[in-house]
Number of protein chains: 2
Amino acid sequence: MERKIKSELIAGKLAEYEQLTKIYDDIVQDVKPRLTVEGQGKVLLALADEDHLSQSQISSRLEISPQSTGEFVSKLAKRDLVSLSKSEKDRRINLVSLTTKGREEIESSFQEVPKFITVLSNEEMDQFNRLMTKIIAAMYEDIDKANPTLGVKFHKLLANRYLKQYKK
Amino acid sequence: MERKIKSELIAGKLAEYEQLTKIYDDIVQDVKPRLTVEGQGKVLLALADEDHLSQSQISSRLEISPQSTGEFVSKLAKRDLVSLSKSEKDRRINLVSLTTKGREEIESSFQEVPKFITVLSNEEMDQFNRLMTKIIAAMYEDIDKANPTLGVKFHKLLANRYLKQYKK
DNA sequence: ACATTTAATCAGGGGCCCTTGATTATTATT
DNA sequence: AATAATAATCAAGGGCCCCTGATTAAATGT
């Protein structure tokens with residue numbers, strides 16, 4: 001089989017997997033909504049990386065508007081996942097900090113291991129892990145090459161968190 | 001390494017991959033938005049599977065409300081991806097059909113092969129394909145076991161489309 | 001002291017994916 | 001013929017993720 005066909009086949013599998021996880025989560029697995037690199041999840045991940053940030057720091061790190069930042073922060077505060085406090089050094093600044101509940105939210109979102117993974121043998125798991133590692137590394141490379149601005153680097157930090165979680 | 005840890009590691013990789021594709025698509029790859037099993041994409045996939053459906057057929061197949069169906073169909077029509085016609089057999093019925101543009105939209109959404117896949121060797125591609133196939137099959141199994149209603153079966157048909165595309 | 005900049009909020013908007021309730025027109029059943 | 005069921009639309013609403021423009025308060029620069 002030609003190399004082009006193989007890569008197309010894999011692209012299809014990955015796409016299929018991606019859509020299936022949505023259905024899987026809806027129907028099979030009563031999972032907590034995952035943290036995503038979107039909206040409120042973005043802010044949570046930013047704070048997981050460095051707590052006690054001002055809103056404008058969050059805004060520039062995530063490359064989203066201050067108003068969007070304020071909105072997401074406000075929603076997170078409403079859910080008691082973050083707390084707000086005026087900075088003593090600068091009364092304009094609102095410091096955003098994770099609450100215990102917020103920290104737990106982040107930790108627990110990484111704890112779900114989908115059942116379907118257990119269909120693999122031990123050896124297959126090793127293989128899969130190695131291949132996924134390779135793919136992910138290539139993705140990071142492409143991302144950095146395309147746009148090495150602060151925002152992207154930050155995105156990289158965010159995503160790296162998944163990895164750190166499982167190194168122990 | 002213990003089996004539990006391995007599966008956790010893989011869960012983490014998959015989660016990381018999933019979030020990274022969002023960033024990858026945003027930054028690296030100027031891709032067409034993918035068809036998803038959500039909203040308008042759902043309707044397109046339904047029509048790809050069987051064209052010329054009534055809105056209420058779509059509604060029941062996708063297990064969404066008639067009003068949502070109408071909304072998505074209307075949006076797709078606005079984008080010239082579907083055309084509407086009153087059924088001659090029953091004047092209540094609006095038949096929804098893919099336009100040429102709609103068909104092209106669907107086809108082209110499967111054509112993008114992300115560059116990062118090419119980091120794998122031929123052998124690795126075979127391995128990865130085999131492992132993904134196994135995982136996806138397990139997912140389908142779980143999905144069917146959990147809820148074998150018509151809607152779910154339909155979702156399965158939708159997702160199967162990715163596979164069919166690459167069998168040739 | 002005044003002008004400029006910065007941080008956050010308010011006002012308002014858009015898009016997308018969903019929902020419930022009500023209405024109108026058409027078809028099927030009694 | 002009258003009633004009940006069906007198909008689609010209209011009205012209205014909500015949530016989430018985003019945005020631009022304007023305003024207010026605090027800090028910094030001249």
Side-chain angles (χ1 to χ4, degrees), chain A residues 19 22-23 25-27 32-46 52-79 81-97 105 151 155 158, chain B residues 19 22-23 25-27 32-46 52-79 81-97 105 151 155 158:
Chain A
Q19 300 311 317
K22 286 173 187 167
I23 303 172
D25 285 352
D26 280 351
I27 292 173
K32 297 183 73 62
R34 303 181 195 204
L35 280 195
T36 69
V37 285
E38 277 173 336
Q40 292 170 57
K42 244 184 182 176
V43 175
L44 276 183
L45 287 167
H52 316 297
L53 296 173
S54 74
Q55 285 181 209
S56 61
Q57 279 175 315
I58 293 172
S59 170
S60 60
R61 289 190 184 193
L62 298 182
E63 288 185 3
I64 55 175
S65 73
Q67 292 90 335
S68 290
T69 306
E71 184 183 317
F72 302 150
V73 164
S74 173
K75 280 169 180 168
L76 288 169
K78 197 162 188 182
R79 291 161 61 197
L81 300 182
V82 301
S83 62
L84 304 177
S85 52
K86 286 288 180 186
S87 164
E88 289 184 354
K89 290 185 190 175
D90 185 335
R91 307 297 299 169
R92 296 174 299 183
I93 283 176
N94 240 350
L95 281 179
V96 187
S97 311
E105 177 86 5
H155 282 174
L158 296 190
Chain B
Q19 299 310 316
K22 285 174 188 166
I23 304 172
D25 286 351
D26 280 352
I27 293 173
K32 299 180 73 60
R34 304 182 195 202
L35 281 192
T36 69
V37 285
E38 277 174 335
Q40 294 171 56
K42 246 186 182 175
V43 174
L44 276 182
L45 287 167
H52 316 297
L53 296 171
S54 74
Q55 285 181 211
S56 61
Q57 279 176 316
I58 293 171
S59 170
S60 61
R61 289 190 185 192
L62 298 183
E63 288 186 5
I64 55 176
S65 74
Q67 292 89 336
S68 289
T69 306
E71 185 183 315
F72 302 152
V73 163
S74 173
K75 281 170 182 170
L76 289 169
K78 198 163 188 179
R79 290 162 63 197
L81 300 181
V82 302
S83 62
L84 304 177
S85 53
K86 286 286 180 184
S87 162
E88 290 182 354
K89 291 183 187 175
D90 185 335
R91 305 297 299 169
R92 293 175 299 184
I93 284 176
N94 240 350
L95 281 179
V96 188
S97 312
E105 176 86 3
H155 281 176
L158 296 190

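This is a predicted model, so every value here is computed, not measured. Letters A, B, ... are given to chains in the order of the sequence lines, protein chains preceding strands, and every chain is numbered from 1.
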- Message: I'd like to know if the side chain of A:Ser60 and the backbone of A:Ser56 have a donor-acceptor N/O pair within less than 3.5 Å.
- Response: yes
Check: Quick one: does A:Ser59's side chain have a donor or acceptor within less than 3.5 Å of a partner on A:Ile64's backbone?
Finding: yes
Measure the distance from [atom1] on [X] to [atom2] on [N] and round it to the nearest whole Å.
X	N	atom1	atom2	value
A:Lys75	D:dC18	NZ	C1'	9 Å
A:Ile93	C:dT5	CD1	C1'	13 Å
A:Arg91	D:dT24	CZ	P	20 Å
B:Gln57	D:dA8	CD	C1'	14 Å
B:Glu63	C:dT19	CD	P	11 Å
B:Glu38	D:dC16	CD	C1'	12 Å
A:Arg92	D:dA26	CZ	P	10 Å
B:Gln55	C:dT26	CD	C1'	15 Å

- prompt: Just wondering, do A:Glu71 and A:Gln67 contact through their side chains at under 4.5 Å, heavy atoms?
  reply: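 In short, these two side chains do not touch, never coming nearer than 4.5 Å.
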Do A:Thr69 and A:Leu62 have side chains that approach each other closer than 4.5 Å (heavy atoms only, starting at C-beta)? no
### Query
CD/A:Gln40 to CG/A:Leu76 distance, rounded to the nearest 0.5 angstrom?
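Nearest 0.5 Å value for the CD-CG distance: 4.5 Å.
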With B:His52 as partner, the option from B:Ser85, B:Ser83, B:Ser97 fulfilling side-chain hydrogen bond (donor to acceptor under 3.5 Å, both in side chains) is B:Ser97
For DNA chain C, whose closest nucleotide is more 5', that of B:Arg79 or that of B:Ile64?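 Its nearest nucleotide lies further toward 5', so the answer is B:Arg79.
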From the candidates D:dA8, C:dT27, D:dA25, the one with an atom nearest any side-chain atom of B:Asp90 is C:dT27
The correct set of residues in residues 65-74 of chain A placing a heavy atom under 4.0 Å from DNA chain D is A:Ser65, A:Gln67, A:Ser68, A:Glu71, A:Phe72
The side-chain contact (heavy atoms from CB on, under 4.5 Å) partner of B:Val73 among B:Leu53, B:Asn94, B:Leu81, B:Val96 is B:Val96
Q.
Considering every strand and a 4.0 Å limit on heavy-atom distances, what is the contact class for A:Ser54: base, sugar-phosphate, or nothing?
A. sugar-phosphate
